[in-house]
Number of protein chains: 2
Amino acid sequence: MKSAKDIFSEYLSKQRLKMTPQRRALLEAFLNEEGHISSEELYNLIRKEDSSIGQATVYRTLKLLAESGIAKAVDFNDGVLRYEHKYGHDHHDHLVCEHCGKTIEAVDPEIEHLQEELAKKHGFVLTHHEMYLFGVCKECQDKSE
Amino acid sequence: MKSAKDIFSEYLSKQRLKMTPQRRALLEAFLNEEGHISSEELYNLIRKEDSSIGQATVYRTLKLLAESGIAKAVDFNDGVLRYEHKYGHDHHDHLVCEHCGKTIEAVDPEIEHLQEELAKKHGFVLTHHEMYLFGVCKECQDKSE
DNA sequence: TTTATTGCAAACTCTTTGCAATGTA
DNA sequence: TACATTGCAAAGAGTTTGCAATAAA
């Protein structure tokens, strides 16, 4: 299986774009992060290793990572766009705890199927969907008792 | 059944807030609009009737309408927050056409039920959810053939 | 009379863009 | 060499906020 780096390199050359040390470093930092990272968070991480990298480059690179299929933008309604790993990861939706901000990734094949059906019923061809379930997680429920 | 105006008045007095001509006019304009309206769109509408109303008041009033349960914020990922009627309207999700921007409101009771189940399975108590299905509508499919 | 509201402009947050210098293919 | 990329600072979009004047309860 191709590595994320291969995918990214191939995407760049296909688009006649260039690989640079900044892009290499940002890809690596992104891949080392587990969760849902914002541009600013990634900027703060990368700074520790190379303080010469600018914010704009981080924004630009994350966009590129999303275009190449390495990353996927997710929006938890907290005012910033976040990115999660996409390449090599299955599709999933998110449960978001409104108290502690924790997110859980989950899929329900039946829901996925019914979404397709619902779209079809209205004449739509689905390209993608977003489903966020907001609520209170187990731990926060216990705490507030 | 109470009118939206009653609901809003009651909400205001309960919060020790005041009814003003601006709020009255904005509520009316909002109720007269059918779709999903942004603050700027509502501002442009209200201006025609009373050009002295400021943008900030529109932002502030829409927020108030949402708090009172009259309106509900929806986010179609187009960079602006929109509001739709909530009071007296059943819950629904949205199909969004990525070509023409048209939205269709739809509900699938089975999906709703499975969302609850999925949340429960992960220990969550659901407060609300967002589900947007993005795709291409019938008309746009036909056009691009 | 007390307290909320207004319009205005300035401030704010997140993100994008123009540009001259620099680096990659 | 030709052209993409960089960092920077400035610009942009959408939204919020401080404030003095005004108006509702």
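Letters go in sequence order (proteins before strands), and every chain restarts at 1. Only this structure's heavy atoms are used, side chains among them; waters, hydrogens and symmetry mates stay out.
Shown are A:K72, A:H128, A:H129; of these, the side chain to side chain donor-acceptor pair (under 3.5 Å) with A:H91 is made only by A:H129.
Here B:S13 lies out of heavy-atom contact (under 4.0 Å) with every strand.
A:H85 places a side-chain N or O within donor-acceptor distance of the main-chain N or O of A:E33, the cut-off being under 3.5 Å.
B:L81 and A:V96 fall into different hydrophobic clusters, defined by Ile, Leu, Val, Met, Phe, Trp and Tyr side-chain heavy atoms under 4.5 Å apart, directly or through other members. No chain of hydrophobic side-chain contacts below 4.5 Å, direct or via other Ile, Leu, Val, Met, Phe, Trp or Tyr residues, connects B:V136 to B:I104. Hydrophobic clustering (side-chain heavy atoms under 4.5 Å, transitive across Ile, Leu, Val, Met, Phe, Trp, Tyr) keeps A:Y132 apart from A:V80.
Between B:Y59 and the phosphate of D:dT15, there is a side-chain N or O to OP1/OP2 separation shorter than 4.0 Å. Contact annotation: A:K63 does not reach the phosphate of C:dT15 (side-chain N/O to OP1 or OP2, under 4.0 Å).
Here C:dC8 is the nucleotide among C:dC8, D:dA9, C:dA4 with the atom lying nearest to any side-chain atom of B:R60.
Applying a 4.0 Å cut-off to non-hydrogen atoms, none of the residues of residues 32-45 of chain B approaches DNA chain D. A heavy-atom distance below 4.0 Å to DNA chain D is reached by these residues of residues 18-28 of chain A, ordered by number: A:K18, A:T20, A:Q22, A:R23.
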Exercise for review: Verify side-chain contact (heavy atoms from CB on, under 4.5 Å) between B:R24 and B:F8, making sure each step is shown before the conclusion.
Suggested key: CA-CA 9 Å; B:R24 237 186 298 269; B:F8 192 46; over 6 Å; no
Subject >> Verdict with reasoning, A:T61 to A:L42, per side-chain contact (heavy atoms from CB on, under 4.5 Å) >> reply: CA-CA 11 Å; A:T61 304; A:L42 185 56; over 6 Å; no
A:E105 and A:H89: side-chain contact (heavy atoms from CB on, under 4.5 Å), yes or no, with the steps?
CA-CA 11 Å; A:E105 303 182 345; A:H89 292 248; 5.8 Å; no
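Between the side chains of B:D6 and B:S9, no donor-acceptor pair is found at a separation under 3.5 Å.
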Given Watson-Crick and G-U pairs under 3.5 Å, DNA chain D in dot-bracket ([ ] crossing, | other strand) is |||||||||||||||||||||||||
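A:H36 and A:F76 have perpendicular rings, their planes meeting at more than 60° on a 0 to 90° scale where under 30° would count as parallel.
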